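Here is how names work: the chains are called A, B, and so on, in the same order as the sequence lines, proteins then strands, and each is numbered from 1. Note that the coordinates shown come from a computational prediction; the quantities given were computed from them, not determined experimentally.
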There are 2 protein chains.
Amino acid sequence: MSDNLRDVIGRVLPAPENHLSPELLEKARKARRSFMAKALAMGAGAAAAGKAMAAPEGEDAILKLPEHTTGLGQPVAARGYGMPSKWESNLQRRESPGLTRVSQASVSFTPLQGLFGIITPSGLHFERHHQGWWDIDPSKHRLMIHGDDGLIKRPRVFTMDELMRLPSVSRIHFLECGANTAMEWANVAVPTVQYTHGMSSCSEWTGVLLSTLLDMCGIDRKRAKYVLAEGADGSSMTRTIPIELALDDVIVAWGQNGEMLRPENGYPLRLIVPGVQAVSSVKYLRRIEVGDKPWNTKDETIHYIDLLPNGLHRQYSGIQECKSVITTPSGGQTLLDRGYYNISGLAWSGRGTIKAVDVSVDGGRTWRPARLEKPILPKAFTRFNFDWVWDGKPAILQSRAIDSTGYVQPKINQLRAVRGTRSIYHNNAIQSWLVSENGEVSNVQVY
Amino acid sequence: MSDNLRDVIGRVLPAPENHLSPELLEKARKARRSFMAKALAMGAGAAAAGKAMAAPEGEDAILKLPEHTTGLGQPVAARGYGMPSKWESNLQRRESPGLTRVSQASVSFTPLQGLFGIITPSGLHFERHHQGWWDIDPSKHRLMIHGDDGLIKRPRVFTMDELMRLPSVSRIHFLECGANTAMEWANVAVPTVQYTHGMSSCSEWTGVLLSTLLDMCGIDRKRAKYVLAEGADGSSMTRTIPIELALDDVIVAWGQNGEMLRPENGYPLRLIVPGVQAVSSVKYLRRIEVGDKPWNTKDETIHYIDLLPNGLHRQYSGIQECKSVITTPSGGQTLLDRGYYNISGLAWSGRGTIKAVDVSVDGGRTWRPARLEKPILPKAFTRFNFDWVWDGKPAILQSRAIDSTGYVQPKINQLRAVRGTRSIYHNNAIQSWLVSENGEVSNVQVY
């Protein structure tokens with residue numbers, strides 16, 4: 001932060017009523033001494049009995065001590081798993097009113113507008129179910145690895161115990177549904193970043209590299225071209241994955257953010273295909289088959305295809321290209337007054353690391369670089385922050401990410417020129433938020 | 001992983017009953033085709049009605065499809081915050097039977113033996129309460145910054161809204177109670193890694209650097225020597241922090257692992273003093289005072305001191321020195337059979353990054369380097385993994401970390417030679433786990 005900006009913050013932020021005058025400070029000191037003397041006179045017994053001591057009478061409200069300062073709080077639970085504060089109960093995964101809401105096909109969105117850093121709490125990781133979720137008994141779950149024509153020489157079935165003994169890796173990667181930001185292809189469809197970008201989350205995944213398993217089973221590395229991953233839930237989700245990825249950084253994962261996978265994210269075993277649309281990170285993973293050509297399953301020929309302007313459709317368009325979004329301030333939020341704001345957001349790329357993020361506050365006419373928080377990891381969220389002093393006039397906030405391949409996140413009209421407006425998947429366009437004079441922030445499109 | 005080891009895993013791990021013969025595979029294929037034909041004949045209606053389809057009759061048990069494959073699962077909740085699987089309910093924070101268990105002073109331990117990677121789920125972050133925990137209304141919480149004699153030129157009180165507008169950082173750091181591993185000073189005291197090392201956790205913290213706040217308030221950087229941090233709970237926890245740390249990487253934090261702090265970890269505001277014993281990362285932070293000498297508060301003169309063999313005690317011994325521990329296999333676990341195991345553990349240093357971790361399986365006679373998982377971050381957990389083939393004979397597993405300053409984690413007798421056996425705090429000795437012939441793992445001390 002520059003000295004100049006530090007000065008701006010110092011001038012702009014303080015509300016006069018919160019300045020502490022020397023007189024007020026002296027009064028607070030005296031009251032505190034008086035209170036402490038009374039408290040000591042009461043002895044430790046009152047506190048030990050768990051009874052809140054009354055604040056001293058006749059003092060100003062500002063000098064009264066709250067119950068949590070004078071009383072006895074809660075002890076730890078004998079056995080416990082902690083939950084968020086009751087004051088944060090509004091921060092939830094939510095369904096979209098505009099999308100399918102039946103058990104056969106449901107989706108919930110991560111509340112990116114209220115999150116910090118790069119780790120998504122597992123309880124807020126987005127969900128996409130093709131036939132509902134299950135809490136599968138891990139002692140009965142199996143993973144089969146096989147392949148015809150000698151592509152796998154030693155086919156076998158693994159128990160969870162067997163898998164979890166193997167050499168493991170732990171890596172932070174984003175998952176993004178290919179349909180994230182789908183509603184923005186044709187128009188400004190939804191009001192908040194939870195619904196525009198909330199089908200993306202980022203976790204630390206732990207498991208065994210798929211390459212380790214394939215080698216254990218005797219894969220023919222020269223003739224194998226693809227693997228098929230199949231899930232155990234009712235959708236029998238099956239996805240073809242090129243062997244280059246399968247032998248690179250694909251993980252057969254049991255761990256998410258330090259603990260076992262959550263049921264709605266594939267417990268006890270899921271595939272993680274870093275950088276690829278999340279449908280390929282098959283949940284409830286039960287089978288890996290090695291082959292020499294794509295399988296053309298329903299979920300890669302009928303679904304998860306891109307309808308182009310000429311009436312043809314793209315298939316096997318898996319990689320999630322470089323993308324970013326400002327999460328605060330964002331649609332549905334309100335700036336209460338002028339002055340300094342920390343603009344904060346997320347950037348990611350399915351092809352590598354984030355090299356830079358630029359931010360514009362004038363709808364893309366001028367750009368300045370944002371600060372990138374560490375760590376900056378491949379195929380993971382990168383958090384960026386940007387200093388901004390709002391002058392009370394309308395402003396349009398945008399972020400533009402550049403990845404390690406040199407690829408620059410496109411504008412929506414650049415994407416539409418190639419892919420039209422009837423696509424569902426792979427919308428990685430720059431997102432624009434309009435700040436109105438009254439401080440309200442809303443979703444707009446800038447061409 | 002070396003080709004040699006891959007071969008070892010291939011030979012040692014497979015249990016014969018799990019090999020798939022060509023005959024079994026062909027049978028499975030036929031059964032699957034038959035089942036799919038029947039399922040299709042039933043039409044989509046049965047599935048849509050949420051009724052589980054029966055598995056085909058007369059097939060072997062191995063060929064029957066489970067309910068989660070044939071039935072309809074749970075949809076997303078309209079509003080939701082997810083929880084771990086019901087099969088993982090045994091993985092909990094726990095109190096130690098050997099320690100204080102009253103509301104005035106309670107502690108719960110992180111179950112390191114069941115965790116992966118470097119992020120501790122917030123629901124499993126260890127707790128240490130000096131007067132119980134509270135769930136404080138953030139709209140009423142304030143942080144005061146002041147200092148006598150012109151050390152702070154513009155004292156002020158911040159609301160949470162004002163703090164959260166400021167330039168923020170997000171950083172992954174461990175917190176370790178100074179008393180972690182305290183029970184091991186004199187003897188082998190507790191059976192599991194949850195109780196030996198579970199007062200340490202690692203999270204991604206988000207907040208404003210304390211240096212930013214101090215500069216906003218006009219700190220006299222030349223004359224300021226220390227800051228005092230004070231909490232709002234009944235313990236009025238107060239800790240002196242040297243100005244070198246306060247102006248370096250200390251964070252006034254509201255975010256933990258992507259969301260707001262948990263109540264039992266200081267919601268809505270706590271200090272994070274990276275690398276220093278966690279008591280200095282004051283919870284429910286309400287006041288920062290700048291001064292020119294230490295305050296000598298009760299929690300730094302009566303508590304959190306180290307009793308030395310000569311009867312004197314060390315004060316202000318804050319930095320958590322380089323340390324590591326094998327979390328699996330660890331005390332209380334059992335190896336079910338011989339063969340390959342991935343030995344996994346954690347290393348950290350309050351002085352910088354982890355440079356290397358060595359592992360011994362023969363009680364410290366020979367050492368080999370472990371693999372370090374990325375990211376390797378300053379004052380954060382680093383996950384290490386190590387390949388081991390157990391031959392069924394007794395073994396003693398140890399890890400030894402080396403940090404970026406060149407410091408090598410000591411043996412317990414090296415620590416005792418200097419600090420005796422009556423200390424409570426700052427035991428960073430090498431931990432030893434004995435694997436007995438029957439596979440049981442237990443806590444031992446090796447000199």
- Message: Go through it in stages, so that I can follow the logic: the residues are A/Q74 and B/E264, the test is side chain to side chain contact (heavy atoms under 4.5 Å, CB included), and I'd like the CA-CA distance, side-chain angles, deciding distance and then a yes or no.
- Response: CA-CA 9 Å; A/Q74 297 295 310; B/E264 64 274 26; over 6 Å; no
Which of the residues [options] is involved in the greatest number of heavy-atom pairs with chain A at under 4.5 angstrom?
options                        : answer
B/N265, B/V102, B/L377, B/L115 : B/L115
B/G218, B/S139, B/P121         : B/P121
B/P268, B/G255, B/G234         : B/G234

- Non-hydrogen atoms of chain B under 4.5 Å away: do they reach the side chain of A/D233, the backbone, both or neither?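 Both parts, heavy atoms under 4.5 Å.
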- Item | Under 4.5 Å from a heavy atom of chain B, the part of A/I136 involved | both
Please determine, among [options], the option with the most heavy-atom pairs under 4.5 Å with chain B.
options                      : answer
A/S168, A/S89, A/A105        : A/S168
A/G132, A/P66, A/G73, A/P375 : A/G73
A/G117, A/P263, A/P84        : A/P84
A/I172, A/L336, A/L124       : A/L124
A/H129, A/E204, A/R128       : A/E204

Under 4.5 Å from a heavy atom of chain A, the part of [X] involved:
X      : value
B/V107 : backbone
B/K374 : backbone
B/I343 : neither
B/Y267 : side chain
B/S85  : both
B/D137 : both
B/D135 : both

Identify the heavy atoms of [X] and [Y] that sit nearest to each other, and give their distance.
X      : Y      : answer
A/L65  : B/R286 : CD2-NH1, 4.1 Å
A/P167 : B/R371 : CB-NH2, 3.8 Å
A/N342 : B/L166 : CB-O, 3.3 Å

Nearest 0.5 Å, what's the [atom1]-[atom2] distance between [X] and [Y]?
X      : Y      : atom1 : atom2 : answer
B/R383 : A/R171 : CZ    : CZ    : 14.5 Å
A/W390 : B/R165 : CH2   : CZ    : 10.0 Å
B/T69  : A/W134 : OG1   : CH2   : 8.5 Å
B/E162 : A/Y340 : CD    : OH    : 14.0 Å

- Query: When you measure from the side chain of B/S106 to the backbone N and O of A/P75, does any donor-acceptor pair fall under 3.5 Å?
  - Reply: no
- A/Q92 (side chain) donor-acceptor with B/G80 (main chain) under 3.5 angstrom: yes
- Message: Can you tell me how the ring of A/W254 sits relative to the ring of B/F116, calling it parallel under 30°, perpendicular over 60° and tilted otherwise?
- Response: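 Plane angle over 60°, so perpendicular.
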- Message: List the residues meeting side-chain hydrogen bond (donor to acceptor under 3.5 Å, both in side chains) with B/R262, not counting sequence neighbours, and say none if there are none.
- Response: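 Per chain and number, B/R262 pairs via side-chain hydrogen bond (donor to acceptor under 3.5 Å, both in side chains) with B/Y81, B/E259.
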- Message: Holding to side-chain hydrogen bond (donor to acceptor under 3.5 Å, both in side chains), I want the full list of residues that pass it with B/Y284, two or more places apart in sequence or in another chain.
- Response: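 Checked B/Y284 against side-chain hydrogen bond (donor to acceptor under 3.5 Å, both in side chains); zero matches.
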- Message: For a side chain to side chain contact (heavy atoms under 4.5 Å, CB included) check, start with the C-alpha distance between B/S170 and A/I118, then their side-chain angles and the critical distance, and finish with the verdict.
- Response: CA-CA 8 Å; B/S170 297; A/I118 62 171; over 6 Å; no
- Is there a side chain to side chain contact (heavy atoms under 4.5 Å, CB included) between A/E127 and B/V76 once you walk through the steps? CA-CA 7 Å; A/E127 301 166 89; B/V76 304; 3.6 Å; yes
- Go through the steps to decide whether A/I119 and B/I119 satisfy the test side chain to side chain contact (heavy atoms under 4.5 Å, CB included), and finish with yes or no. CA-CA 9 Å; A/I119 295 294; B/I119 296 294; 4.2 Å; yes
